[in-house]
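Worksheet for the structure shown next.
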Amino acid sequence: MRGAVIHAPGDVRFETLDDPRILKPTDAIIRTAVTCVCGSDLWPWRGVEPTEAAHPMGHEYVGFVEEVGAEVTSVRPGQFVVGSFATSDNTCANCRNGYPSHCLNREFMSTCQAEYVRIPNAQGTLVATDEVPGEEFWPSLLAVSDVMGTGWWAADAAEVRPGSTAVVVGDGAVGLCAVIAAKELGAERIIAMSRHASRQRLAREFGATDIVTERGEEGVARIRELTGGIGADSVLECVGTAEAMSQALHATRPGGNVGFVGVPHDVAVDGQELFFSHVGLRGGPAPVRRYLPDLIDRVLAGRIDPGRVFDLTLPLEQVAEGYRAMDERRAIKTLLKP
């Protein structure tokens, strides 16, 4: 098969790779219907995360089951499936407590920008649709496998409630999906922080009621101005930088909550400051598998359309251009077709 391999910062190549095989009786092999580039893939692309040896890339996927291991009974060959970037058995204590992304048998997916993918823990990870959905649904179902599920986790962790005010820090795919999630969970006011006109438009179409273009202390001041000097009930941090985390914490009212889902880079939280802020803080890798059945239903019912975050579609062989376009902010998110 063929797939994407990163060799060094700025160097992703489309190469011939070994076909995936069933290695454990809990594995499945899928043929990808569509895959994509994630904002978090840009960390190694930019050299922020080191690439010590060439390795495959990608952790978002939907596709068709080709083969299953002897212990996999929940899906069968031919079915269309959606999974998570973190695999899970869905039976361990952490899974039962609602955190499948912290499964005791967890494996993070990392080979999905390819024509075929091995899925560990397939029994608990994959969710099959009742029938093969029309191709018009594939982008949104792909979004559910990560960015929509992660945006939903941001809203859930920040305890967005009906009638509340939510702030979304970050206007990438996760941030835009977080706007959808806040809307679906009943937020009355959704303030999106964005400096890019195209992303602002999409945020508004997804449910944002206000746009804040300022950042840092100016951004916090603007949020406080919009909230009567108090701060927001819920702030959804969808970036992962020190500035974004600081913005999120300072924009939250006492007793409010921050849901942080951007993978942290050089983020440090001052204990004294957090203690006296009365702000709740929860985050981590999104428990996407927990949300999959509900989010799939919302997509297929036409209630949400997170696939609109894909504003560039390329053949898989042009994966490197997909990285470049996102790095240069010419695209929000790149959809790849095998």
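Positions are given from 1, in the same order as the sequence printed here.
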Report the distance from atom [atom1] of [X] to atom [atom2] of [Y], rounding to the nearest 0.5 Å.
X: T111; Y: Q113; atom1: OG1; atom2: CD; result: 9.5 Å
X: L23; Y: R21; atom1: CG; atom2: CZ; result: 5.5 Å
X: E115; Y: L316; atom1: CD; atom2: CG; result: 6.5 Å
X: D327; Y: L42; atom1: CG; atom2: CG; result: 6.0 Å

Is there a donor-acceptor pair closer than 3.5 Å between any side-chain N or O of [X] and the backbone N or O of [Y]?
X: D89; Y: T91; answer: yes
X: D27; Y: K24; answer: yes
X: R204; Y: T209; answer: yes
X: E66; Y: P77; answer: no
X: T51; Y: H7; answer: no
X: T227; Y: I223; answer: yes
X: R106; Y: S101; answer: yes
X: R2; Y: E15; answer: no
X: W153; Y: G259; answer: no
X: D146; Y: C38; answer: no

Exercise. Please lay out, stage by stage, how R282 and N257 fare under the test side chain to side chain contact (heavy atoms under 4.5 Å, CB included).
Key: CA-CA 8 Å; R282 173 176 289 153; N257 295 280; over 6 Å; no

Practice problem: Could you walk me through whether T129 and F137 pass the side chain to side chain contact (heavy atoms under 4.5 Å, CB included) test, one step at a time? | Solution: CA-CA 11 Å; T129 55; F137 291 108; over 6 Å; no

Practice problem: Could you name each residue pair satisfying ring-ring contact (aromatic ring centres under 6.0 Å, His included) that touches residues 26-47, not counting sequence neighbours? | Solution: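 Only W43-H265, W45-Y323 qualify under ring-ring contact (aromatic ring centres under 6.0 Å, His included).
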
Is there a side-chain contact between [X] and [Y] in this structure, where contact means two heavy atoms from C-beta onward sitting under 4.5 Å apart?
X: K333; Y: L335; result: no
X: V68; Y: R76; result: no
X: L292; Y: V288; result: yes

Exercise. Could you list the residues that satisfy side-chain contact (heavy atoms from CB on, under 4.5 Å) with E184, not counting sequence neighbours?
Key: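 With neighbours one apart ignored, the set is W152, I180, R298, R303, I304.
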
Quiz item: Of E214, E218, R215, which is the lone residue that meets side-chain contact (heavy atoms from CB on, under 4.5 Å) with Q247?
Solution: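 Among E214, E218, R215, the one that satisfies the side-chain contact (heavy atoms from CB on, under 4.5 Å) with Q247 is R215.
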
Would you say the side chains of [X] and [Y] form a donor-acceptor pair under 3.5 Å?
X: S194; Y: D171; result: yes
X: T73; Y: Q123; result: yes
X: N121; Y: N105; result: no

Contacts under 3.5 angstrom, residues 238-246 side chains, donor-acceptor by atom type, not counting sequence neighbours:
{"residue": "T241", "atom": "OG1", "partner": "A244", "partner atom": "N", "Å": "3.2"}
{"residue": "S246", "atom": "OG", "partner": "H250", "partner atom": "ND1", "Å": "3.2"}

